[in-house]
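The next block holds one structure in the form of structure tokens; read it before the comments.
Values reported hereafter were calculated over all heavy atoms of this structure, with side chains retained and with hydrogens, waters and symmetry mates removed.
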Amino acid sequence: MKEDMKFLRHLWKQGTILNYPLSLQLLNCSSRLCALKEAKANQFHSMTTAISLDVSLRENVKQMWDNSVGMAKGRDLFAEMSKWNVVSWTSMISKNAKGGFTDRALECFSQMQRVGVEPNEMTFSTMVGICRALRNIGYGMSLHCLILKKGFSCHSFIASGLISMYSKHDCVNEAWVVFNETPERDAVLWNSMIVGYAQNNLNGEAISLFSMMLLKDQEGIFSVNSFIITSVLKACGGVNCIRIGKSVHNYAIKLNYSSDVFVAVSIIDMYSRFGSVDRARHIFNQMGKRDLVAWNSMISGYAQNCYSTEAIELFYQLQSENFLPDESTFTSVLKALAVAANSVLGRFFHAKIIKGGYLLDVFVGTALMDMYSKCLDIEDAERAFKEMQRKNLVSFNALIMGYSPFGRYKEAIETYIDLLRENMRPDAFTLSALLSSCSELGALLEGTEVHAHSIKFGLDSNASVGNSLVGLYCKCNLTDNALKAFESVTTPNTMSWAGIISGFALNGEGENALKYFDKMLLSEKPNEFSLSSILKVLASWAATEHGRHMHAYVIKVGLESDIFVGSSLVDMYSKCGMIEDSSKVFTSMPKKNVISWNSMIMGYAQNGFSQKALCLFGEMKKLGATPTSVTFIGILLACSYAGLVSKGRHFFNMMVSDYRILPSVEHCTCMVDLLGRAGHLDEAETFLLNSQFSSEPSIWKSLLAACRVHRNSDIAIRVAEHCLHLEPHDSSTYVLLSNIYASKCLWAEVERIRILMREVGVEKEPGCSWIDIRNSMYVFISDDRFHSANEEIVTTLKTLIVQSKNASFSSMLGEFRL
DNA sequence: ATAGGGTTAG
């Protein structure tokens, strides 16, 4: 400041007349008031001109002239000011806005109108630019009104600014109205609208607008420039269609824009988004001149596509070519380490970032937190969060998201409350992250409260929030609530549909799953998830015909090579008993994962092809796939059906000791079943009592069934009484126990069971089975008179009964009959 | 005076 004054004094003494920009520059420091005093003593006209531009000092200047030189000078100044005011006011507004003094810029604008100076097209253009940066669109809208009133809306550069302003504030419709009502459209106007669409994620619209532009451009009124190419490339990156992207790329080459750094960076970014890192790298390599942004975009491309080694390599290469990494570079590097969950290198870069002083940046800080939370190191993520100087909504969201894999909804909600205390407004990310924390452990109460908040903030119509709500409610078996949440979503996406369909499928509401699948087809294409869910439903129904149709449909939509769909098809066919079709699908799958292997092994096991199941298990291990808990269910099932007792014991031990898999209810049921079927009833009972599931009724019932087969009434009585103790309302156990006592002529016990049954109020649940013929379901309930079936089925059934009696199967059915 | 590239979250 002192230096400035010295310099000024020097100039004054020399009698130099300062020109306008120089004096303004000199005055643009806090020494202005001192300068005023000096100016009072020295009469430098240019000086006062510069000062008079500053609205806040204008009055002071006038007063100064009034006091020192006399009223006349002051009046002169004022008159002069009004003479060149439009330009000076406008540049004053612009200066203030650029210096970050938005309030003063707005004040200038109203003051100039108050003193009767009419804004011109430059003033309005500047003002529109300011309104674009404002938090609120209200001021911008009233400015738009003024522009319309004063008749400035026909200027295409003002219209461009308005389009940009509206689209920045998510008002694409308003932007479109401005675009549509501007008769003379130049390249900038088209570009503003294209960018506006792209910014609001309406990439398809942006691309269509571009093609519309090309059609109109035949008259040669304007031409596509490199700005437009970059914008369109950006939009291409947002649609899942590499074909369009490639043709725009070719078009850019044709127009000779491939050497433009901006264009090249957009192409790199676009290909990275498509997952074509190699193409992106090719463009990067071919660039004649690269700036830091180009390096950053390539590093980011690698990070996005999980090529973390390449990203790090590029970081070092960048340094060796004497570029100084910036915040963006570090952000991308951290992302690369986050996707690789490499906290060792992550810490190394953390240190580097601290040393370089990059930690003040919100992006870097947030990326650092995210890196730690992706490494499941929530404590360090919390620490990084606490150490951040400036936090924004994204930083809060990142922490809340960090909690969700652990289901730590309490901490997530606490962070959310902090966010509200900071006067921030949650967005869809915040709420859906909170909801996924809640659904992890089924925290329904807290989840419902978050639901209330999402309604309060108008975010329940958002697809991500809606999807999370559907997830939470489905997890808690509340499909009605899930459906309500789903229906609040304005534009459900493919995943939304998949969510509600799978929710129905998992909660045993197959009819609803199918209903919503059909509804979805009216507006959305099915994806691998919705198809898998539907196949699961059809598998559970053993709906053969429908399943075949769905398989044909899968082929039609081109998802037959998908790993999830393929596995579901394998499962569906094997549940329908069509093991050949199942194995055909399995063999033709181009890619298999552990789920596919599991489906096929389970399919073989369930259909009694134990040997094939075990062979497949061997093959799976040979190909390097690691068996999971589900694999062993299939294997133990296969052993159980084939009576391979020692193999079963062997695989069970292998699972526990080699693969460190904790035995689940299913595994224990299989083991008890295996031992029981083979007649090792004592061993089965001991196994069960020693297992974690000794109070699980279903396993005891499977042991009871084994006792029945082996006609061991002593153990059977013990086991059945235990079953009654665990499940006093299960009618089948009463019936069975009663039968056993009856077979041993223990009539008093039979009577006791009968009384007990009446006391507890148990009624026998009717047995039920069904078959699916030509897409129709025929349900049979025991003891009914076949009223629901057709003639053909009734006749066939009667024949079957006679045949089975002749084959003396009836003797087997007669055991323990009441 | 209006328009274009890379950076954080699922």
Side-chain angles (χ1 to χ4, degrees), chain A residues 87 90-91 93-94 97 119-130 132 152 155-165 167 186-196 198 225-234 237 257 260-270 272 284 290-301 303-304 325-335 338 358 361-371 373-374 388 391-402 404-405 427-433 435-436 463-465 467-468 471 495:
Chain A
V87 180
T90 305
S91 59
I93 291 169
S94 157
N120 67 7
E121 65 274 15
M122 284 186 210
T123 324
F124 279 123
S125 188
T126 313
M127 284 309 295
V128 171
I130 292 169
R132 190 169 77 138
F152 283 98
H155 291 89
S156 71
F157 55 85
I158 292 179
S160 298
L162 284 170
I163 291 169
S164 181
M165 175 190 85
S167 35
D186 59 7
V188 180
L189 192 88
W190 282 95
N191 193 35
S192 299
M193 198 59 230
I194 293 172
V195 171
N225 61 23
S226 64
F227 282 70
I228 291 171
I229 291 293
T230 27
S231 315
V232 176
L233 283 166
K234 194 174 183 155
Y257 289 132
D260 185 305
V261 189
F262 279 67
V263 171
V265 167
S266 301
I267 293 171
I268 290 173
D269 190 47
M270 180 188 75
S272 301
F284 179 78
R290 298 184 198 116
D291 60 6
L292 185 61
V293 177
W295 284 89
N296 288 350
S297 73
M298 196 59 235
I299 294 176
S300 155
Q304 278 170 52
D326 68 355
E327 283 78 7
S328 178
T329 323
F330 281 110
T331 307
S332 295
V333 167
L334 285 172
K335 193 194 169 87
Y358 294 99
D361 185 79
V362 191
F363 279 66
V364 174
T366 308
L368 193 64
M369 280 172 59
D370 184 51
M371 186 272 295
S373 69
K374 289 272 161 59
M388 282 174 76
K391 294 165 191 151
N392 62 14
L393 183 61
V394 183
S395 336
F396 275 92
N397 287 352
L399 183 61
I400 293 173
M401 282 166 196
S404 59
D427 65 359
F429 287 113
T430 324
L431 293 169
S432 66
L435 288 165
S436 52
S464 303
V465 175
N467 296 352
S468 305
M495 284 294 177

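- Residue A:S300 has its side chain nearest to B:dT7 when only B:dA3, B:dG5, B:dT7 are considered.
- Minimum atom distance to the side chain of A:S332 is reached by B:dT7, of the listed B:dA3, B:dT8, B:dT7.
- Proximity of A:K335 to the phosphate of B:dA9: a side-chain N or O atom is located under 4.0 Å from OP1 or OP2.
- The aromatic rings of A:F284 and A:W295 lie perpendicular to each other, with more than 60° between the two planes, well past the 30° mark.
- Results of the side-chain hydrogen bond (donor to acceptor under 3.5 Å, both in side chains) test with A:N397 over A:T366, A:D427, A:N392 single out A:D427 as the only residue that passes.
- Look at CG on A:N225: it is 13 Å from P on B:dA3, rounded to the nearest Å.
- When heavy atoms are screened at a 4.0 angstrom cut-off, A:D291 is found touching base atoms of the nucleic acid.
- By the stacking rule of 5.5 Å between ring centres and under 30° between planes, A:F157 does not stack on the base of B:dT2.
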Run A:S125 and A:E121 through side-chain hydrogen bond (donor to acceptor under 3.5 Å, both in side chains) and show every step you take.
CA-CA 6 Å; A:S125 188; A:E121 65 274 15; over 6 Å; no
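- For A:T90 and A:T126, the side-chain atoms include no donor-acceptor pair closer than 3.5 Å.
- Nucleic acid contact for A:S226: base, since at least one base atom lies under 4.0 Å from a heavy atom of the residue.
- One atom, CD1 of A:I194, and another, C1' of B:dG5, lie 16 Å apart when rounded to the nearest Å.
- The listed nucleotides are B:dT7, B:dG4, B:dT8; the one nearest the side chain of A:N392 is B:dT8.
- Here the C1' atom of nucleotide B:dT7 and the CG atom of A:D326 are 8 Å apart, to the nearest Å.
- Closest to the side chain of A:S464, out of B:dG4, B:dG10, B:dT8, is B:dG10.
- Within 4.0 Å of A:R290, counting heavy atoms only, lies no atom of the nucleic acid at all.
- Taking only side-chain nitrogens and oxygens, A:R132 never comes nearer than 4.0 Å to OP1 or OP2 of B:dA1.
- Within the nucleic acid shown, A:T230 comes within 4.0 Å of at least one base atom, counting heavy atoms only.
- Within the 4.0 Å cut-off from OP1 or OP2 of B:dT8, not a single side-chain nitrogen or oxygen of A:T331 is found.
- Among residues two or more places apart in sequence or in another chain, the side chain to side chain donor-acceptor pair (under 3.5 Å) test is passed with A:R290 by none.
- Between A:D269 atom CG and B:dG5 atom C1' the separation is 8 Å, expressed in whole Å.
- For A:T331 (side chain) and A:E327 (main-chain N/O), a donor-acceptor pair under 3.5 Å exists by modelled atom type.
- For A:E327, taking side-chain heavy atoms from C-beta onward, the closest of the listed nucleotides B:dT2, B:dT7, B:dG4 is B:dT7.
- Atom CE of A:M298 and atom C1' of B:dT7 are 15 Å apart (whole Å).
- Residue contacts shown for A:D427 include a base, since a base heavy atom lies under 4.0 Å away.
- When distances run from any side-chain atom of A:V195 to the nucleotides B:dA9, B:dT7, B:dG4, the shortest one goes to B:dG4.
- Among the protein residues, A:V261 comes within range of the nucleic acid bases, having at least one heavy atom under 4.0 Å from a base atom.
- Nucleic acid contact for A:V394: base, since at least one base atom lies under 4.0 Å from a heavy atom of the residue.
- Between the side chain of A:D260 and the base of B:dG4, at least one donor-acceptor pair of N or O atoms lies under 3.5 Å.
- For A:D370, the side chain to side chain donor-acceptor pair (under 3.5 Å) partners are A:K374, not counting sequence neighbours.
- As a whole-Å value, the separation of A:I163 CD1 from B:dT2 C1' is 10 Å.
- For A:L393 and B:dA9, the CG to C1' distance is 9 Å, given to the nearest whole Å.
- Side-chain atoms of A:A398 lie closest to B:dA9 of the nucleotides B:dA9, B:dA1, B:dG4.
- Taking only distance into account, the side chain of A:N397 never meets the base of B:dG10 through a donor-acceptor pair shorter than 3.5 Å.
- Here the nucleotide nearest the side chain of A:M401, chosen from B:dG5, B:dG10, B:dG4, is B:dG10.
- A:W295 places its CH2 atom 17 Å from the C1' atom of B:dT7, with the value rounded to the nearest Å.
- An OP1 or OP2 oxygen of B:dG10 is reached within less than 4.0 angstrom by a side-chain nitrogen or oxygen of A:K374.
- Comparing atom distances between the A:S94 side chain and each of B:dG5, B:dA1, B:dG10 picks out B:dA1 as nearest.
- The side chain of A:F363 approaches B:dT7 more closely than any other nucleotide in the set B:dT7, B:dA1, B:dG4.
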